[in-house]
Amino acid sequence: MQEILSFCAEVVPVMGVSDILVSLQEGWQISTKNYPADPIIFRNRDFGFVKLNLPEEATKRAVVEKGIKYYEQLIRQKIKKGTDTTESDVDPNVYCSLGHLLLLLEQYPKALSAYQRFYHLQPDHWKNASFLYGLGLVYFHFNVFHLSRLQISMWRNKDRATRAFQQVLYTDPGFSRANEIRIRLGLMCKTSTDYEVSLKHFKQALTDSSPCSLSKAQIQLHIAHLLEVQGKIKQAKEAYEQFITPEDLDKSVKATALKQLGWLYHTSDQLGDKKSREASAVLYLNKSLECDPTNGQTWYLLGRCFSALGKVHDAFVSYRNSIDKSEASADTWCSIGVLYQQQNQPMDALQAYICAVQLDKSHTAAWTDLGILYETCNQPKDAYTCYINGTRNKGGVNSALASKIKFLQQHLDSVPIQHLQNRPKTLPSIEEAWTLPIPAELTSRQGAGPITQHPLAKGPMMPAQPPQPNMPQSSLSPGPQGVMPPGQMFDDKKKKPQGRKRPHDDFHPPSPVTFTNEQMQLLQNLQQNRMSLDPTQLSLLHQLHTQYQLFKAYQMKMQQLNQQDTNPSKVAALSGEPGTQRFPKPNISGGQDMLNGVPSVNQHSSSDTQGINVTSRSHTSSGTSLSSSSAVHTSTTDSDLPKDIQNFVSEHLHDSDISTILSPKQALATSIAEDILAQFTAESSPSSKLHSKVSQDIPQSKEEKHCDNRTVAIPKELLPPSCPLSISMKAYEILAATKGQGKHGVTISMMGDGIPRPPPSPFPPLPKDRLNPPTPSVYLDTKKDAFSLELQQYCYSQPVVVIRGLAGALKLDLGLFSTKSLVEANADHPVEVRTQRQQAPDENRDSYGNKLWRCDSSRGLTSIAKYAQYQASSFQESLKEEHDKSKGIHRDSDSDSNSSTGPKGYVCHFLIHRDSDSDSNSSTGPKGYVCHFLIHRDSDSDSNSSTGPKGYVCHFLIHRDSDSDSNSSTGPKGKKKFKYIKFGTNVDLSDERKWKPQLQELMKLPAFCRVVSASNLLSHVGHTILGMNTVQLYMKVPGSRTPGHQENNNFGSININIGPGDCEWFGVPDNYWGVIQNMCERNNLNYLTGSWWPILEDLYEENVPVYRFIQKPGDLVWVGCGTVHWVQAVGWCNNIAWNVGPVNHKAYQMGIERYEWNKLQNYKSIVPMQHLSWNIARNLQISEPTFFELVKTVLMRSMKQIRLTMDFVEAMGKDIKWQGRSDNEAAHYCNNCDVEVFDILFVMEQDRKYVVHCMDCGRKISNILEGFIILNQYRLEELCDVYDRFQLSCHLPTASV
């Protein structure tokens, strides 16, 4: 350390400057002759705010570069001093400071390497706030730039960046760049479709007055878009309308808001009738173009609106302008194809679709519509090829399309199909079409009036450029190009007909790969150490080598092309003028660049134009999303943003709203960040693979204090000495030892040092034969058994227990909770309803039949009486179905509406198309349609079949020749059939006036199971927490699901099945919750806020044991503290449930740990653990030493936090006013961050209401607490008295009574 601190003496020969001071913890400060009065301070928190790449900052950049050289030289010298000297002899802070400087120069791989060394060499690395922030920025960078090509798992990088940022906010909520962290967390959550958490981060960033990369208007735009993708249409509309009137608003932001608002009117039925909505949509889109006429996506959306209105000419003009402005996209060409197909111009439609699939070979919409086009022209073989290519994705395959493909594959050689193939071809085959030129007339008909068909080879070609080699491969396509035509018909090496060249054969292709100096250096390092590389590093070496070869080949190609004379008249521009060209560039706006493998999320299923099933699979998915497709649209303020974030906000809402048939109608638009990150990815290449893995638990310290919204670097020696506190100290001693330490605003954890983290997977892992353990069960015969101490202790020791016979032993009248009794008592009582898919308990599938963890449901409200009617009708319907089955009558309630009943033994699947050229095998169907009956023997019919002659099945395929969504070519019926059921949940039974008989009956239970009991910690909270210390009722039909979860704050729970049906339970011990949390993240789900249903096979692969059992009527299930569980109703039944908190060390410790984990995750703990701890000290005598010490420690830290908060308020010159507390007053939570606020409240008036904030959020809103009233609810004397009186008791535990 001494060598580093004597930097002033050693650095002169290296850096060429004098008078240098280094502060390793806070960055490093340089005072040179060029800056005698104002020293330069370089810290990693300056990233994005100090522009060292600008010419005017050349001096500072030179100083940073010389500082890097000095640190590198110092490291080399230390390592070379002796043979016994190792890297551990280098001061770890050298690596940390080196990482900061490398980060300022945006040398991310080197910065990561330096941070990694600091992490491994510094035992208390988690105390360094600057380190955590810098590490988070590096991981955020590796999220943004698509490193999937380098075999790096994006979800892990996203998870690591999130962890690092969360830990900064947890250990120091007042961090100077907290606002910047919120923005980046919001963006990452948005790309992960975790919209609620993302919205929370952006709202917190909006209230923060400290500087950050985004303007307030840009943050508001993100908030509006999040409301839109959540389906909160009216709120989103109001949020977008806020951007209409301000005149001083940045034009690009205003243009984006108007574009979103226009498209919202176009797609949302909630905003009025279709005519008025379309008029508003066109109005706002035109206003958006007034602000930004260069935005090709806005032109495209306008074209979609004109197409919906039937204004074909205006739609074509808009599409043409879109191609002019944004150099085309697959979406645009797909829509142009639809437009031509509407006009019965199949040849032009064919060529437009070919343009689309050449721009994006995995564009599902274009392939599907192209297949439909071939199908209508009686070319099923080509249609089959297109359908195959349309399914090359990982996002799920529509079952209707899959059945089409299966049928065509099986019967392509059958007589009817062969008959169709022998007919003259209307269109060229797909192989021929791939090599044909595009007529200029296809692209230059702006003023030609009605669109007419033109010969195929007439006029110059329209450029149709295939995807660039350096374009990120779609996460939806498993193959190298996302295409798998029969016979390799799309092989780029295959010879094309002479005289027919695609435009990219005549013009300079874009660089397939940029190969940076960092990549070159990494390649050389890997080659030198080839023998010691692991498989992942070898794969990385192979990728880099291939990339380098492509780059060299491109350079040679460019040299050859530069030597040739290019005739610009060979290609016509869209305007038809000779000598100009515009390449339709691939639209590379996608989420797989941010997080590899994140599924696209579509917003609206649109059938705005009349009939053709149009789909669009862009990487942004459907709906509009904020994107960045062109640097032209960057706002004037965006140049001030960090490079890795500026493209989140420059261009904005990319439309891909042509829904794909592989996407459900109710899905929502993807995030802003997903689109924009991808555009930035196209301009940047990844630099390096991560050199080593960083552990998941990297906390940080609070060495950085803030005042007046400026960062104040306080040397450690100037901080007040902190005396070690002990629970043996008196209360006044704790306050005296802490006084004066909180002047700059300090927040501490109730757990002390360290970061809360999930438990690792238990070791050693269980053998496979122990992954289905028997469920602990107890059978009760008498009341004495129910009240025995042994039963209580047994339940406390197990993760889950089934107590059978309890109702009989205690003579519980469970009929009071039957549906009939509930209706008689309070028929109009509200019931929350969840609409869910009915599935088997051990499986969870999406609408395409794919297994997944996500368990979606929609929310609604009804009354007990109405749900009782539904429950009864569901039961009666089931009885009728069983009765019909017993008589041999089959009722296909989920059959496809397109199916029809034929003669007995037949199922007919019709191939229907417009009657353009029917044949003798056709019969007349609906007007304008022809039905081709394809009959085969019924060896394996499906539920969508209709009955025909014995032993035969006749498949039908239906579509319409119009511009409707391809996703809805068969409508919702094209997806996997599910029966939807309604689950009545969260029925509040807390009101004793309404439910007195029911609540009185539950007092018969043993004390440790009761809702209110001295042996239940939740009874000591002092106020009502609905569903936890009150009873809730659940009304179920078969299939009703309670998704996987742990109880709030890891408390236990009681669940009694009222009957008459059964419930099936799944449970996992609490020490495996970290494994499940990790699996949720891998499945792109938030463990705390997401809805998930685990796949049992996945759990078994991770050696997670699962309890599985049936809960019969009258059975009580004890769910132990922290047990992960999920439940499904097998029959019709009601359940009642509430939470319990055993008065022991384990329950309290798990509650405190989850309390702190929730703060880390920015999630609200509905059990106020500080408030509860003080009430425990007031009300209970504890004889368990570990339990007592833990409670006493929490009280000590709570008192310390009060003293620190009072110091800060006094330093701000504010008075603390006495308020006190009323009886049964609920605990208070911060209005912004949802953390518990105990004793000292920061109150501000907002919207004529007084709302509470925590100290940290108050500082962010106003650095001088302007507008805040500081209230005090407890007197220190009272708290001191409670603390000192709380002592370990000598009482022994007794049985519950």
Side-chain angles (χ1 to χ4, degrees), residues 396 398-400 664-667 819 831-862 866-885 889-897 899 942-944 970-987 1033-1045 1057-1066 1090-1097 1108-1113 1125-1135:
N398 184 290
S399 58
K665 177 178 177 61
Q666 67 270 23
T819 300
V831 178
E832 179 182 331
V833 174
R834 293 281 186 167
T835 302
Q836 302 172 331
R837 297 189 187 102
Q838 188 179 49
Q839 304 186 67
D842 56 354
E843 70 174 29
N844 186 54
R845 298 180 184 272
D846 63 10
S847 55
Y848 308 116
N850 302 315
K851 287 186 177 182
L852 78 168
W853 278 54
R854 187 180 299 275
C855 181
D856 292 324
S857 63
S858 59
R859 179 180 298 179
L861 288 174
T862 187
K866 291 181 179 178
Y867 189 85
Q869 185 178 5
Y870 164 76
Q871 202 175 35
S873 63
S874 171
F875 181 71
Q876 291 171 356
E877 182 181 351
S878 177
L879 288 178
K880 185 176 181 180
E881 288 179 359
E882 291 295 328
H883 182 264
D884 291 343
K885 286 181 181 179
I889 303 174
H890 175 67
R891 295 173 65 247
D892 188 5
S893 59
D894 295 329
S895 63
D896 193 301
S897 62
S899 59
D942 55 64
S943 61
N944 292 328
T970 56
K973 308 152 189 84
K975 301 175 184 175
K976 181 178 174 63
K977 283 297 177 181
F978 287 99
K979 180 178 180 180
Y980 283 87
I981 52 95
K982 297 183 184 298
F983 172 27
T985 182
N986 298 334
V987 184
L1033 171 79
Y1034 304 88
M1035 306 177 73
K1036 303 177 180 180
V1037 297
S1040 299
R1041 285 183 165 181
T1042 301
H1045 67 287
N1057 184 8
I1058 306 302
D1062 300 339
C1063 289
E1064 185 164 7
W1065 283 68
F1066 302 84
S1091 179
W1092 40 272
W1093 190 267
I1095 299 173
L1096 294 179
E1097 292 80 2
R1108 184 174 181 178
F1109 59 93
I1110 295 295
Q1111 180 191 25
K1112 299 287 185 180
H1125 56 286
W1126 54 103
V1127 188
Q1128 176 162 323
V1130 179
W1132 289 262
C1133 61
N1134 292 346
N1135 289 67

Inset, instruction - Please indicate whether Gln838 has more than 12 foreign heavy atoms, meaning atoms of other residues, nucleotides or ligands, lying under 6.0 Å from its CD. - result: yes
Legend entry - CZ/Phe875: more than 12 non-hydrogen atoms of other groups inside 6.0 Å: no
Legend entry - Qualifying residue for side-chain contact (heavy atoms from CB on, under 4.5 Å) with Lys1036, from Ile981, Asn1135, Thr985, Val1130: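 With Lys1036 as partner, side-chain contact (heavy atoms from CB on, under 4.5 Å) holds for just one option, Asn1135.
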Has [X] got a side-chain atom pairing as donor or acceptor with [Y]'s backbone, closer than 3.5 angstrom?
| X | Y | value |
| --- | --- | --- |
| Gln836 | Ser858 | no |
| Ser878 | Ser874 | no |
| Tyr870 | Lys982 | yes |
| Glu1064 | Ala1129 | no |

Inset, instruction - Working to the nearest 0.5 Å, report the span between CH2 of Trp1132 and CE of Met1035. - result: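 Spacing of CH2 (Trp1132) from CE (Met1035) equals 14.5 Å.
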Inset, instruction - Look at Glu843 together with Arg845 and state whether they make a salt bridge at an N to O cut-off of under 4.0 Å. - result: yes
Inset, instruction - Give a yes or no on whether a salt bridge exists between Glu832 and Arg859, defined as a side-chain N under 4.0 angstrom from a carboxylate O. - result: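 A salt bridge is present here (some side-chain N lies under 4.0 Å from a carboxylate O).
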Inset, instruction - Please state whether the rings of Trp1126 and Phe1066 are parallel, tilted or perpendicular, taking 30° and 60° as the class boundaries. - result: parallel
Inset, instruction - Sequence neighbours left out, what passes side-chain contact (heavy atoms from CB on, under 4.5 Å) with Lys1112? Give chain and number order. - result: Arg804, Asp1062, Ile1110, Asp1115
Legend entry - Verdict with supporting geometry, Arg1041 and Asn844, side-chain hydrogen bond (donor to acceptor under 3.5 Å, both in side chains): CA-CA 11 Å; Arg1041 285 183 165 181; Asn844 186 54; 2.9 Å; yes
